[in-house]
Structures are given as structure tokens and as C-alpha cells.
Protein chains: 4
Amino acid sequence: MKKNKPKYNQIIDAAVEIIAENGYHSSQVSKIAKKAGVADGTIYLYFKNKEDILVSLFQQKMGSFIEKIEAETTQKQTADEKLLALIKTHFQQLTANHHLAIVTQLELRQSKPDLRLKINEVLKRYLVVIDQILNEGIKDKSFRGDINIRLVRQMIFGTLDEAVTNWVMKDQHYDLVDQAEEVHDLIVRGLTNRNN
Amino acid sequence: MKKNKPKYNQIIDAAVEIIAENGYHSSQVSKIAKKAGVADGTIYLYFKNKEDILVSLFQQKMGSFIEKIEAETTQKQTADEKLLALIKTHFQQLTANHHLAIVTQLELRQSKPDLRLKINEVLKRYLVVIDQILNEGIKDKSFRGDINIRLVRQMIFGTLDEAVTNWVMKDQHYDLVDQAEEVHDLIVRGLTNRNN
Amino acid sequence: MKKNKPKYNQIIDAAVEIIAENGYHSSQVSKIAKKAGVADGTIYLYFKNKEDILVSLFQQKMGSFIEKIEAETTQKQTADEKLLALIKTHFQQLTANHHLAIVTQLELRQSKPDLRLKINEVLKRYLVVIDQILNEGIKDKSFRGDINIRLVRQMIFGTLDEAVTNWVMKDQHYDLVDQAEEVHDLIVRGLTNRNN
Amino acid sequence: MKKNKPKYNQIIDAAVEIIAENGYHSSQVSKIAKKAGVADGTIYLYFKNKEDILVSLFQQKMGSFIEKIEAETTQKQTADEKLLALIKTHFQQLTANHHLAIVTQLELRQSKPDLRLKINEVLKRYLVVIDQILNEGIKDKSFRGDINIRLVRQMIFGTLDEAVTNWVMKDQHYDLVDQAEEVHDLIVRGLTNRNN
DNA sequence: AATGAATGAGCCTTCATTCAT
DNA sequence: AATGAATGAAGGCTCATTCAT
């Protein structure tokens, strides 16, 4: 199991940091190797090529990212509470690791088809979590029954994504988690003024 | 006036196409020049360097993109209708030019700081349009008075952005504009089941 | 006659200035054209190519440089006085036009054989002047009869050249002409026939 | 220690040869690499850029050039003998390595300021050697006490330099070392203190 | 397993020169 | 005669990857 090899994780962590600071295309393999404290050639004992570092990084980091969200949401009872937990956990984790946030928000928008495919593979697990919450909400009638799940999922993911991107762009000068409740409220209730 | 220089636009249009098909980093300047029907060196009479093509492309195309949205929304009366017009026009334009869509949704998500800065400069105009609509909606009480405009703007932009990205990723196999009404509805009404 | 064409001289003068400031290989034709106030293409109405500018410049400027030296030396009676006049005039002229000094001292040490040939062609006239003075000095016994004219000529030219180069390198911070008498003294005492 | 890296010296030696034959600006890095028997990229493991090859070449070669002159002159007793040794050794070394002679006499006369600076740095050591000999000669009264050392140094260096340049220009068709005694004689008779 | 020196394909950019106007 | 937009060949340099040790 790769995970037990210390150098593997050293390299992944170095890559997150280097890529966050320089962007993927300005992150030379030698720079990552240096940060990881290994020789350039060693990288290729653990990764097929440079792109594989990015993919592996994403699989590793997003894997545990999603696991944490799964864990937090399962503990809640209602769909509404689960959604809030998802938002909070999403924000919390990226706040705790803003290098990772930068990588996921910016560097993973790669257009190379094979790369995208693998990234989407990982993200799918996240989308499944969202879908489950939405289905639960519909079943217990806390959410409207006529919503288009795919669209709502897009709205949720897009909103969180944009919130994080803005926070990253603003150099993390404010507290992202503070926005969780408001974002949740907005998604659930919409813009409409009920007084009308 | 640059816009009157035919070669300038030839190069921009060639760049959109080539970058959409190959990705920025696989789009050699010589490839763009060939598609534009000019010599390699000619590129540098109109653009400072390769990155400047990307920036200029975005400024030109997003400039008219936003102008079109401004034009369409001004024609509508209520904030609600304006928001719908914004969503529809957003989707319509990217549907009409899917090469541009690919470039904006994928290739421009670069993290090189100076590039991001210029991109954000252009996007700011779009955000202003959204803000105006939101303020109008609050004033005429069709939108809640307690919304956080910055957050809502993020939600709207994030949702549209994610919708387009998904459509691009799925190789534009469905009709994006068809989703406009539903997306609008979701944003305005939220998830909540009013029967509760 | 080219000399009467005003643009020809404009270009030559611009070239001296630009090349002195940037070096030959960093002196783009377009830069020279701009300084001369003509279009790039106009250069090629007066010069065969870039190298021809350098050659022509040298022929023009060194031509009159040498003519002036010829004029000044002819006025003197003895070989000794003529040599002093040569040194003074050499220093005076380059002092008066330090851009030209830079070009002749540094930029003309080109190794392209055909270029060297043409430069040497011009310099030959200078060497002839020196030789005449030396022969006169030998004939009237003010100089030793056993000197190797070629060697002495090298010594004289090399000494003046090195003096000017040093002065150019030191950014012309001192008065070059002030050194003329001392340089002359140094050269002549070595040449003096002890029988005198 | 760079000197122990065989490739470093391979590249330097290849550069001397290629530059002597083609001139600096016609000496492509790839040409030097090929002659040195290394890949193009290898050049950049040992040198910062193309210009750095030229500078390093000069530093290396002139370094040992000057050391040799220092060694030869120290063995002699009188200032007069030392000066002759300096001239002979100067001529001998460049005769023995005419490729180097071409590079130093022609290609290094570049006017790029930073390049000049580094070249002068190296040459300074040579000038110090000359100065020491002159001072010794003055002290033991074999040279006049009223000479201007800076000027004499210029005369000596300029004369030797011009002698070598002429020899290089004439394609080394005669024996340079043969001229040493005569050149020495010419310089010394000008320096001699008539009171001796 | 680990190293890191070496490789060499690939590409952006410059700039002397041309030529239609 | 004069222009200057356009050309395109050419080359310095980078960096992912390999492989002998």
C-alpha cells in the first residue's frame, strides 16, 4: 500500500505546497523533489509522471476530504442539518489547509481529457453524498419534490466552490466558516421575500 | 483602435479555437498563427507575448459578453425578470460559442497571479450587473431585505459557472439554455418545501 | 554622391549614437531608423544591409578623422612635431566625439573576415601617415635608423588605441588630450637617435 | 572545484575553438555542445547562459595565462629582464594557442557593460604585474623616476595587444615570439634613465 | 531503493529584410 | 523616394524523464 511509504506522502505534501504557490505549470518536478527532500529520480519511483503527481494528490487529499464530510453528515438526523454539516465541513477543511484549497480551486481545472476524467472520478463520490442528502430531504418532504437533483447539486457545489475561490483569491483574509450558516440558509430558502 | 485591425481579431479568434481544442499549454504560438493565416512574428505585432493573447482574448470576448447581458437585462422591468434574462443570456452566449465556453471555463482558471488579476478586473463588471439586480430586487421587496449581497452574488455566479462547466465537460451533449428557467427558479425560491 | 543625401548622414549619425550606447549586436535596425527619423525600410535605400551601416559609418567617420590628422601633421616641419600633432589630433577628435570613440575602440573589433577587411582598408591610410612620419624622422636622423617601422607603427597605434580605450572605459572622466605630450615623450625617447 | 569537472573543461575548450573559428555571435550553443561531446542542455548545468561561457572561458584561460607570466617574471632578477620575460611569455602563450588568441584579441572586445566589467576584473591582475615590474625598475634606477606608471602600463599593454592583434589578423603567418626582443628594446629605450 | 547528472525534444521570441502601397 | 506592416528563419533555454552507479 503506497500510503505507508513515507516518501510517497512527503512528495504529495511537497507537491501541494509547491503547486499552490507556483501553479501546476510552474511547478517543476525538481522543485517538488527538493521540497520533499528526495532526488528528482525518486519521484519516478512513486509516480508514473508529473501528471500522476497531480492526480494522486487529488485522489489522496480529496479522498479523505470527502470521507470526513461523509462522517460528519451521517451523524446528523435531518437533510437540512446534514446539508449544513456538509457546508461547514467543506469550509473547515479548506480553511485548515489553504494550500490544498488553492490547488483544488484553481489548479485542478485542467482541460486535458484524461486528467479531467480521473478528477471527475474522485469528485463523483462527493456528488453522491450531496445527492443522498437531497433525496432524503425530498423523501421527508423538507425539500420540494419537484427539484431537479442534478441542477441542485450543481447549485450547491458551484456555490461552495465559488465561495472558496473568492476566499482564496482574497488571500484568506476573512473567516470562511463564518459564512456557512448564511450560505446554507440561502440555498435552502432562496431569494424570495416570503412577505409577498 | 485595435478592434479595426483585422489581424488582431483573426488572431484572437484563431486562439479561441486552438486553445479550446488543445488547451493553453499545448497551443503553440505557431499553431495559432497558422490558424489565423499570419506569420508567427505577426502575432508579436499585436500581442506582447503568448499570455497576452489569453488576456486580450478574455477582455475582448468577455467585454462583449457582459455588454450583451447588460443590454438584455436593462430591457426587463422587474429584478426577477432581469435575473432570468441574465441567466438565459449567459447560457445562450456560451452555447452559441462553445469554443469560448471551453476557454473560459477551463483554460482561464490559471493561477498565475498577474493573469488572475486581469481576469478578475474584467469579471468585476459582471458582478456589478448582478449586484444592481439584487439591489433593485431588495428595494422593490421582491427579494428578502436581509440577504448578504456578496454571498448571493457568489451563489449566482457559482451556480451559473458550475452549470456551464458541467455542460462543457459533458461535451455539450444537452441544451444548456433549457436549464435557465429551472436554475432561476432554484435561486429565487430555494429548496424549501413551502408546504411545511 | 551619397554624402549629399541628408538621410544618409542622418542614418550614419544615428547609428554612431545607438551603437555607442548599445553595442552593435544590440543595435536593431529599427532602433537606428527611429533615432534617424526615417522608416525601417528607408535604411535599405541607402545601405545594403546592417553590416554595411557599420562599414559605411567607419569609412565616413574615420575618413575625415584621418584627413584631419593628415592636415594637422602636414603643417608641422619636423617628424617629432608631426608625431606630436598626430597624437594630439587623435585624442582631440575622439574627445570631441566620444560616441565615435566608443564605436571605433570597441565595436569595430569584429571578427567577421569581410568586415575586418574593409575596416583595415580604411585604417591602412592611417598607418601610411604614421609610416611617412617615421621615414621622415629616419631620413633627417631625428629617429634611429635601425628601427623596425612596422613594429614602431604597432607601438604607436597600440599605445594610442589603448589610451583611448582606457579613457572610454573610465567613462571619459579625465582629459585625454592632456596626456598627449607625455605619450609623445614616451614614444619619442625610445626612438631618439643618441647621436643627435 | 570546477576544474575537476571534466565536462566543464570540455565545454570551455570546445567554446574556444568554435568561437575562434566562427565568432561569438555565429557560435550556436548547440555547435559548442556538439564539439564538446555533450547534449545542449548539459551546457546549462555548468554555465548560466551563453555569455557566461565567454566570461568563464576568459577567466579560466586568462587566469593561467597570467599565472604563467607571474611565474616566469619572478624568476628573473632585474626589472629589465622581467619585462623581457613578460613580453616573451605573453607572445609564447598566444602563439601556442592561437584559437585563444583569436578569442581574446577579437571576440572579447564586446561592449556589453557587464561583460566588460568581468573582463577588466581579470585583466587587472595583469596590470598589477606590469606595475610591479615598473616600480622595481624605478627603485633600482634602471627606469626613469619621472615616468607616469599608468601611461607606461598603457603603452606596454597597448603595444603587446596591437602586436598580437596584427599577428592574428595576418593569420599568424609569421613568428610572433621573434618580435619580443625588438619590442622590448623599443619600450625600454624609452624608459631608460639616461643617467645610468 | 535512491541518486542526480545527463539528455534532447520542443517552443517562444527576436529582428534583419522585403514589398505592396 | 519613402513607408512600415508583415515575414519566417533561427537559436537560446527549459525541464520532464532516464539510467548508470
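The chains referred to below are lettered A, B, ... by the order of the sequence lines, with proteins before strands, and numbering in each begins at 1. Computed over heavy atoms, backbone and side chain alike; hydrogens, waters and symmetry mates excluded.
The side-chain contact (heavy atoms from CB on, under 4.5 Å) search around D40(A) returns S30(A), A33(A), not counting sequence neighbours. For L123(A), the side-chain contact (heavy atoms from CB on, under 4.5 Å) partners at least two apart in sequence or on another chain are F58(A), M62(A), I119(A), N120(A), F157(A). With sequence neighbours left out, K31(C) forms a side-chain hydrogen bond (donor to acceptor under 3.5 Å, both in side chains) with Q28(C). H98(C) pairs by the side-chain contact (heavy atoms from CB on, under 4.5 Å) definition with I102(C), W167(C), Q172(C), not counting sequence neighbours. With sequence neighbours excluded, the residues forming a salt bridge (Lys or Arg N to Asp or Glu O under 4.0 Å) with E51(A) are K112(A), listed by chain and number. Evaluation of the side-chain hydrogen bond (donor to acceptor under 3.5 Å, both in side chains) rule for Q59(C) yields no partner, not counting sequence neighbours. Residues satisfying the salt bridge (Lys or Arg N to Asp or Glu O under 4.0 Å) criterion with K50(C), sequence neighbours excluded, are absent altogether. Annotation: side-chain contact (heavy atoms from CB on, under 4.5 Å) contacts of F47(B) (sequence neighbours excluded): Y8(B), I11(B), I12(B), I43(B), D52(B), I53(B), S56(B).
Along DNA chain E, the nucleotide nearest to G41(D) and the one nearest to G41(C) differ in position, and the one closer to the 5' end is contacted by G41(D). When each of E51(D) and K50(A) is assigned the nucleotide of DNA chain F with its nearest heavy atom, E51(D) is the one assigned upstream, toward the 5' end. Residue I43(A) is the one, among I43(A) and D40(B), whose nearest nucleotide of DNA chain E lies closer to the 5' end (criterion: closest heavy atom).
The stretch residues 11-27 of chain B does not touch DNA chain E, since none of its heavy atoms comes less than 4.0 Å from the strand. Within a heavy-atom distance below 4.0 Å of DNA chain F, the residues of residues 29-39 of chain C found are V38(C), A39(C).
Rounded to the nearest 0.5 Å, atoms CD1 (I18(C)) and OG (S27(C)) are 6.5 Å apart. In this structure, CD1 in I66(A) is found 12.0 Å from NZ in K124(A), a value given to the nearest 0.5 Å. Rounding to the nearest 0.5 Å places CZ of F65(A) at 15.5 Å from CD of Q60(A).
A donor-acceptor pair is defined here as one N or O able to donate and one able to accept, closer than 3.5 Å; such a pair exists between the side chain of T104(C) and the backbone of A101(C).
The closest side-chain heavy-atom distance from L106(D) to R116(C) is below 4.5 Å.
The separation between N49(D) atom CG and dG11(F) atom P is 17 Å, rounded to whole Å.
For DNA chain E, the contact window with chain A, defined by any atom under 4.0 Å from a protein heavy atom, covers dA1(E) to dG4(E) in 5' to 3' order.
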What does the 5'-to-3' dot-bracket notation of DNA chain F look like when only Watson-Crick and G-U wobble pairs under 3.5 Å count, and pairs to other strands show as |?
.||||||||||||||||||||

